[in-house]
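Working notes, structure below.
Being a predicted model, the structure only gives us computed values, none of them experimental. No hydrogens, no waters, no symmetry mates; every other heavy atom, side chains included, goes into these values.
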Amino acid sequence: MNILMALSQLEVTGAEVYATTIGDKLTERGHEVSYVSDTLTKSHKGAFFPLRFNKRSPLRRLWHVIYLVGLIYRKKIQIVHAHSRASAWSCHFACKLTNTPLVTTIHGRQSVHRSSKRFHASGYKAFAVCENIENHLKRDLNYSAEPLKIIRNGIDPERFPIFPVRESKASRIIKIIGRLTGPKGELVYQLLSHCIDLEYWQVEVVTGSKLDERFLAFSNQVKFLPYTENVSEQIQQADIVVGAGRVALEALFCGRLVFAVGEAYSFGEVNEINLSQCMASNFGDVAINAKGELQIDFSQLKDQFEKLKCQTVAPSTAVVDKIRRTYSLEHIVEQIVSEYQNAFVAVRKFEIPILTYHRVIDDEKNKGVYGTYVTDKRLEQHLRTLKLLGYKAITPSDLLEIGLEHRFNHGNKFVMLTFDDGYLDNYTLLLPLLKKYNQRATVYVVTDESYNRWDVERKDKPDQRFELMDAEQVKELHDSGYIEIGGHTLHHLSLPKLSENEIALEINKNKQQLEALLGQALVSFAYPYGHLDERCESLAEQAGFAFTVATDSGPIAMHQNMNRVRRIVMFPSTDAFGFWRKIRGNYTTRKAS
């Protein structure tokens, strides 16, 4: 997808590190990521567009919106991800005008005033980086629970590997990493003035901020180092890292003892006892009280630093292990990518259409009782429409190879054609038409029947007999390259009416038979009649199917449940216009509403 990260900042912040770290990982996964911000210091992959979000006069904000609208159209942006209140405000209006999904990450407390309570500008969903921010948004800014989700900072374990504890030296090193402006600057000043024994500790401050006059008084006792891209190297050289937010996380990832102190709280040494509180407050940066006031007793901090002189400077293995599991970049990006897809489907009201056919006939006498057919002429009309409109028919294997998260990438016009049961006419009539129009389809095959016995033997409304393909014909379809074969049980029974053992037999044996015939694993399965329950879903997943289709059940967004993917039923009367309505991508959304 084409993604725009929007920030408002004048120096390096945790939000910038978060956005570029996530953005670089998304780029590695094949997405195109661009950035718009006042400044952008950290190196990144993707284009950067400067825009002074911090200039907030009405005319400036109007210009921001106009600029963003142009940027969204020019870069074909499909998701906007804002990382500050100022950028989110302008992005909100630009996204409304362009019908572009907007999500926001909220990194810290928001100003509480009337406009922020009424106008959240958070888009489809707001991601809070910790529990205290989530609680603050609900309590102080009237957010409802629905648009909120906790998605924490993401740390790349390759960039922040575990380092062995430094060998004991005459003077142990404390590193303070971060900016020296605003509340963080005041915090560092108090630590240097009243809490840290500068005669005992070798203190180094790594910052991108310009030193103001008050810090010059420490220049003989404290090293002030410039901002660096290689933060892990600085962490490696430390015995103790002092900080909050990403700084604390990155140090813990590297196996360093962290003294958690932020803009709201101090927890001292991070350990198993206080870890949950540390995580909830983003390691001291976010207060839980309504006013967000500083909750730090600096006299206690001095005592805590004194105690550290006598301690082993290494965090517990349990703390490091939990941090690395919870904040792993891959884990965080998976959550974000899923939310991007949710936002795109919800806002654009679009999902890849999956069409359900059964039989193809060339003679009126083969209509049957239930109308589960299209004529060969009608099907050709559908395939011709696909070609004229530039659609590409893909199969479940194609989709998984493309990557589910890339199905909405700009320029993709995908549709899936599925045919249930494995009728002989799929071999005689469907295959030639697919070859003619160079499209692909999926045929779900029943293996232990030679005809549609499930309909013929119905007592209430028996159908006429229609032959199914034999094994040789199924193999020929597969070998053609135009058709992918999927599982459809042994006998086409309504699975929820069966015992668990019977369901497992119907699914697994059908799969085994087809895999032995084709010489490769099956990817997808279709529930007969679209009937299923939780047992069916679980057993299909256990059988190894990555993609399982139903009919009218399942979420609109297919990635939310790949064991129950919705399809759109095709009828004999579905003409070219009706077909166009069903392949536009919003048919299922409109029908569900």
Side-chain angles (χ1 to χ4, degrees), residues 354-363 366-376 378-379 382 395-396 416-431 433-434 440-458 461-478 480 482-498 503 505-507 509-515 517-518 522-532 536 540 545 547-552 565 567-572 574:
I354 305 176
L355 311 181
T356 305
Y357 298 85
H358 289 78
R359 296 184 292 112
V360 184
I361 69 170
D362 59 357
D363 191 321
N366 292 326
K367 285 184 176 181
V369 172
Y370 294 103
T372 54
Y373 72 90
V374 291
T375 66
D376 55 346
R378 182 71 80 193
L379 180 59
H382 294 174
T395 67
M416 297 179 74
L417 311 176
T418 66
F419 292 76
D420 284 6
D421 304 339
Y423 290 98
L424 178 59
D425 54 60
N426 292 177
Y427 174 77
T428 58
L429 299 175
L430 169 62
L431 181 57
L433 287 172
L434 292 174
R440 282 166 59 76
T442 304
V443 175
Y444 293 107
V445 175
V446 174
T447 50
D448 274 15
E449 302 289 355
S450 58
Y451 67 98
N452 59 329
R453 187 163 63 88
W454 56 91
D455 283 335
V456 172
E457 296 183 1
R458 283 185 61 166
K461 195 177 178 182
D463 202 351
Q464 66 190 89
R465 174 171 175 147
F466 298 109
E467 300 299 318
L468 302 179
M469 290 180 288
D470 60 28
E472 186 177 332
Q473 291 160 335
V474 172
K475 181 71 162 61
E476 194 171 333
L477 284 190
H478 165 77
S480 73
Y482 290 93
I483 289 179
E484 180 174 310
I485 302 300
H488 201 42
T489 73
L490 298 174
H491 302 102
H492 200 281
L493 303 174
S494 178
L495 295 180
K497 296 179 180 179
L498 307 180
I503 296 170
L505 178 65
E506 285 286 326
I507 293 173
K509 191 173 179 182
N510 170 254
K511 184 173 187 282
Q512 291 163 7
Q513 290 173 344
L514 288 170
E515 289 179 341
L517 173 66
L518 306 177
L522 297 192
V523 168
S524 67
F525 172 82
Y527 302 102
Y529 308 105
H531 295 171
L532 71 151
C536 302
F545 288 111
F547 191 92
T548 310
V549 295
T551 306
D552 289 328
V565 178
R567 292 189 291 173
I568 301 168
V569 176
M570 306 302 289
F571 299 103
T574 306

Hey, what do you get for NZ (K497) to CD1 (I503), rounding to the nearest 0.5 Å? 12.5 Å
Counting C-beta onward and ignoring hydrogens, is there a side-chain heavy-atom pair between F419 and L379 closer than 4.5 Å? yes
Using side chain to side chain contact (heavy atoms under 4.5 Å, CB included), reason through L434 and L430 one step at a time and then give a plain yes or no. CA-CA 6 Å; L434 292 174; L430 169 62; 3.7 Å; yes
Looking only at heavy atoms, the pair that brings V443 and G422 closest together is CG1-CA, 3.9 Å
Side chain to side chain contact (heavy atoms under 4.5 Å, CB included) between Y527 and T548, intermediate numbers included: CA-CA 8 Å; Y527 302 102; T548 310; 3.2 Å; yes
Ignoring hydrogens, what is the shortest heavy-atom contact between T489 and N510? Give both atom names and the distance. O-ND2, 2.8 Å
With a 3.5 Å distance limit and no angle check, can you tell me whether H492 reaches the backbone of D455 through a side-chain donor-acceptor pair? no
Are any non-hydrogen side-chain atoms of T418 and V549 less than 4.5 angstrom apart? no
Given 3.5 Å as the limit, does a donor-acceptor pair link the side chain of Y370 with the main chain of K461, or not? yes
Where M469 and Y427 come nearest, the two heavy atoms and their spacing: SD-CB, 3.7 Å
How many angstroms lie between CG in L433 and CG in N426, if you round to the nearest 0.5 Å? 11.0 Å
Rounded to the nearest 0.5 Å, what separates atom CG in D376 from atom CG in D363? 10.0 Å
Are side-chain heavy atoms of T574 and R378 found at a separation under 4.5 Å? no
Contact list for residues 469-478, test salt bridge (charged side-chain N to carboxylate O under 4.0 Å, His left out), sequence neighbours left out: K475-D479
For the residue pair T356 and D420, what are the closest heavy atoms and their distance? CG2-OD2, 4.1 Å
Are any non-hydrogen side-chain atoms of E484 and P396 less than 4.5 angstrom apart? yes
Closest non-hydrogen contact found for V369 with P462 is CG2-O, 3.5 Å
Taken in chain and number order and not counting sequence neighbours, the residues that satisfy ring pair (Phe, Tyr, Trp, His ring centres under 6.0 Å) with H491 are none
Using modelled atom types and a 3.5 Å cut-off, is there a donor and acceptor pairing between side-chain atoms of N452 and backbone atoms of Q464? yes
Donor + acceptor pair across side chains of Y423, D425 (<3.5 Å): no
Answer yes or no: is there a side-chain heavy-atom contact under 4.5 Å between R465 and S450? yes
Going by atom types only, do H382 and Y357 share a side-chain donor-acceptor pair under 3.5 Å? yes
Rounded to the nearest 0.5 Å, how far apart are CD1 of I354 and CG of L417? 10.5 Å
Option among V446, L493, T447 that satisfies the side-chain contact (heavy atoms from CB on, under 4.5 Å) test with E506: L493
Backbone N/O of N366 and side chain of R359: donor-acceptor pair under 3.5 Å: yes
Side-chain contact test, heavy atoms from C-beta onward, threshold under 4.5 Å: evaluate it for M416 versus F547 and give yes or no. yes
Kindly compute the distance separating OG1 (T372) from CG (D463), expressed to the nearest 0.5 Å. 6.5 Å
Any side-chain heavy atom of D421 within less than 4.5 Å of one from W454? yes
Does the R567 side chain pair with the main chain of A550, one donor and one acceptor, at a distance under 3.5 Å? yes
Heavy-atom side-chain contact between L517 and I485 under 4.5 Å: no
Decide whether a cation-pi geometry holds between K511 and F545; the criteria are a distance under 6.0 Å from NZ or CZ to the six-membered ring centre and an angle within 45° of the ring axis. yes
Can you tell me how far apart CG (L355) and CE (M570) are? Round to the nearest 0.5 Å. 5.0 Å
Check the angle between the aromatic planes of H488 and Y444 and answer parallel, tilted or perpendicular using the 30° and 60° thresholds. tilted
Return the set of residues passing salt bridge (charged side-chain N to carboxylate O under 4.0 Å, His left out) with D552 (not counting sequence neighbours), or none when no residue passes. K591
Which atom names give the shortest non-hydrogen contact between S480 and L431, and what distance separates them? OG-CD1, 3.5 Å
In terms of side-chain heavy atoms, does D448 have a donor or acceptor partner in Q513 at a distance below 3.5 Å? yes
